[in-house]
Colleague: 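Handing you a structure now.
Values in this document were obtained by computation on a predicted structure and should not be read as measured data. Within every chain, numbering begins at 1; the chains are lettered A, B, ... in the order of the sequence lines, protein sequences first and strands thereafter.
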Amino acid sequence: MPAAASRPADSLSHRIAHLIRAIPHGTVATYGQIAALAGNPRAARAVVWVLRRGDAHRPLPWHRVINARGSISLPRGDGFEVQRALLEDEGISVDSEGRVDLKQHLWTGS
DNA sequence: AGCATGACTAGGC
DNA sequence: AGCCTAGCCATGC
């Protein structure tokens, strides 16, 4: 079965989705961190794409991904509130500005 | 093939 | 410390 030059299973996007599902409950990861683990430290925007696209087949813990400054990147609004609620449900404190204590909750990647 | 979108980031001022 | 700019990646039209 040659052909199939870029099967989803081997694509960067798929690796990204896989990594996101690997983020442990109660911890968070940054876009850049996921990108780096997926092989491209500069593919943070690709991570965003995957998160926005979502996965119709399996649940994606999208709420565990935040930006490098340790805060929720969604614009203020419903999405923002939902993410904050989901994180707090996992025992992660999020202040009114959407900031999380990375020292305490950042996924070490292992 | 070119332009636009998106929840990003590092670096410069 | 905050704002702006330029890079980077995958997809959709």
Colleague: Quick one: which residue pairs count as a side-chain hydrogen bond (donor to acceptor under 3.5 Å, both in side chains) with a foot in residues 42-63 of chain A, not counting sequence neighbours?
Modeller: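 Output for this query lists R21(A)-D55(A), H63(A)-E90(A).
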Colleague: Before you tell me yes or no, could you show the steps for Q33(A) and L106(A) under side-chain contact (heavy atoms from CB on, under 4.5 Å), namely the whole-Å CA-CA distance, both residues' side-chain angles and the distance that decides it to 0.1 Å?
Modeller: CA-CA 10 Å; Q33(A) 179 182 10; L106(A) 182 63; 3.2 Å; yes
Colleague: What residues, two or more places apart in sequence or in another chain, satisfy side chain to side chain contact (heavy atoms under 4.5 Å, CB included) together with E81(A)?
Modeller: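 Partners of E81(A) under the side chain to side chain contact (heavy atoms under 4.5 Å, CB included) test: R84(A).
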Colleague: Roughly how far apart are T27(A) OG1 and L102(A) CG, rounded to 0.5 Å?
Modeller: 11.0 Å
Colleague: Identify the pairs formed between an N or O of the protein and an N or O of nucleotides 9-13 of chain B at a distance under 3.5 Å, and give each distance.
Modeller:
{"unit_1": "dT9(B)", "atom_1": "OP1", "unit_2": "A68(A)", "atom_2": "N", "d": "2.8"}
{"unit_1": "dT9(B)", "atom_1": "OP2", "unit_2": "A68(A)", "atom_2": "N", "d": "3.0"}

Colleague: Does anything in residues 83-94 of chain A reach DNA chain B, meaning a heavy atom under 4.0 Å, and if so which residues?
Modeller: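 Hits under 4.0 Å, by residue number: none.
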Colleague: So which heavy atom on W107(A) is nearest to which on A29(A), and how close?
Modeller: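 Smallest interatomic distance, heavy atoms only, reads CE3-CB, 4.1 Å.
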Colleague: Could you list the donor-acceptor pairs under 3.5 angstrom formed between side-chain atoms of residues 66-77 of chain A and any protein atom two or more places apart in sequence or on another chain?
Modeller:
{"unit_1": "N67(A)", "atom_1": "OD1", "unit_2": "R69(A)", "atom_2": "N", "d": "3.0"}
{"unit_1": "N67(A)", "atom_1": "OD1", "unit_2": "G70(A)", "atom_2": "N", "d": "3.2"}
{"unit_1": "N67(A)", "atom_1": "OD1", "unit_2": "S71(A)", "atom_2": "N", "d": "3.1"}
{"unit_1": "N67(A)", "atom_1": "OD1", "unit_2": "S71(A)", "atom_2": "OG", "d": "3.4"}
{"unit_1": "N67(A)", "atom_1": "ND2", "unit_2": "S71(A)", "atom_2": "O", "d": "3.1"}
{"unit_1": "N67(A)", "atom_1": "ND2", "unit_2": "S71(A)", "atom_2": "OG", "d": "3.3"}
{"unit_1": "N67(A)", "atom_1": "ND2", "unit_2": "S73(A)", "atom_2": "OG", "d": "2.8"}
{"unit_1": "R76(A)", "atom_1": "NH1", "unit_2": "S96(A)", "atom_2": "O", "d": "2.9"}

Colleague: If we take the C1' atom in both dC13(C) and dA1(B), what is their distance in whole Å?
Modeller: 12 Å
Colleague: Which nucleotide of DNA chain C is the first, and which the last, in the 5' to 3' direction, to come under 4.0 Å of a heavy atom belonging to chain A?
Modeller: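 The protein-touched segment is dG7(C) to dT11(C).
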Colleague: Not counting sequence neighbours, which residues clear salt bridge (charged side-chain N to carboxylate O under 4.0 Å, His left out) with D95(A)? List them please.
Modeller: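 Counting only residues at least two positions away or on another chain, D95(A) forms a salt bridge (charged side-chain N to carboxylate O under 4.0 Å, His left out) with R99(A).
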Colleague: If the sugar-phosphate is the primed atoms plus P, OP1 and OP2 and the base is the rest, what is the B/S/- string for nucleotides 1-6 of chain B, using protein heavy atoms under 4.0 Å?
Modeller: -----B
Colleague: Who passes side chain to side chain contact (heavy atoms under 4.5 Å, CB included) against N40(A), sequence neighbours left out?
Modeller: L12(A), A43(A)
Colleague: Between V100(A) and H105(A), which heavy-atom pair has the shortest distance, and what is it?
Modeller: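 Closest approach of V100(A) to H105(A), heavy atoms only: CG1-CD2, 4.0 Å.
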Colleague: Rounded to whole Å, how long is the line connecting atom CD1 of I20(A) with atom C1' of dC8(B)?
Modeller: 13 Å
Colleague: Sequence neighbours excluded, which residues qualify as side chain to side chain contact (heavy atoms under 4.5 Å, CB included) partners of S93(A)?
Modeller: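 Not a single residue meets the side chain to side chain contact (heavy atoms under 4.5 Å, CB included) criterion with S93(A).
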Colleague: Among all residues two or more places apart in sequence or in another chain, which pass the side chain to side chain donor-acceptor pair (under 3.5 Å) test with T108(A)?
Modeller: S110(A)
Colleague: Run the side-chain contact (heavy atoms from CB on, under 4.5 Å) check on V47(A) and L19(A) step by step: do they pass?
Modeller: CA-CA 10 Å; V47(A) 175; L19(A) 283 164; over 6 Å; no
Colleague: Applying side chain to side chain contact (heavy atoms under 4.5 Å, CB included) between I23(A) and each of L60(A), I34(A), V28(A), report the one that passes.
Modeller: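 The option that passes is I34(A).
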Colleague: With rounding to whole Å, what would you report as the distance between dC9(C) and dG11(B) at their P atoms?
Modeller: 16 Å
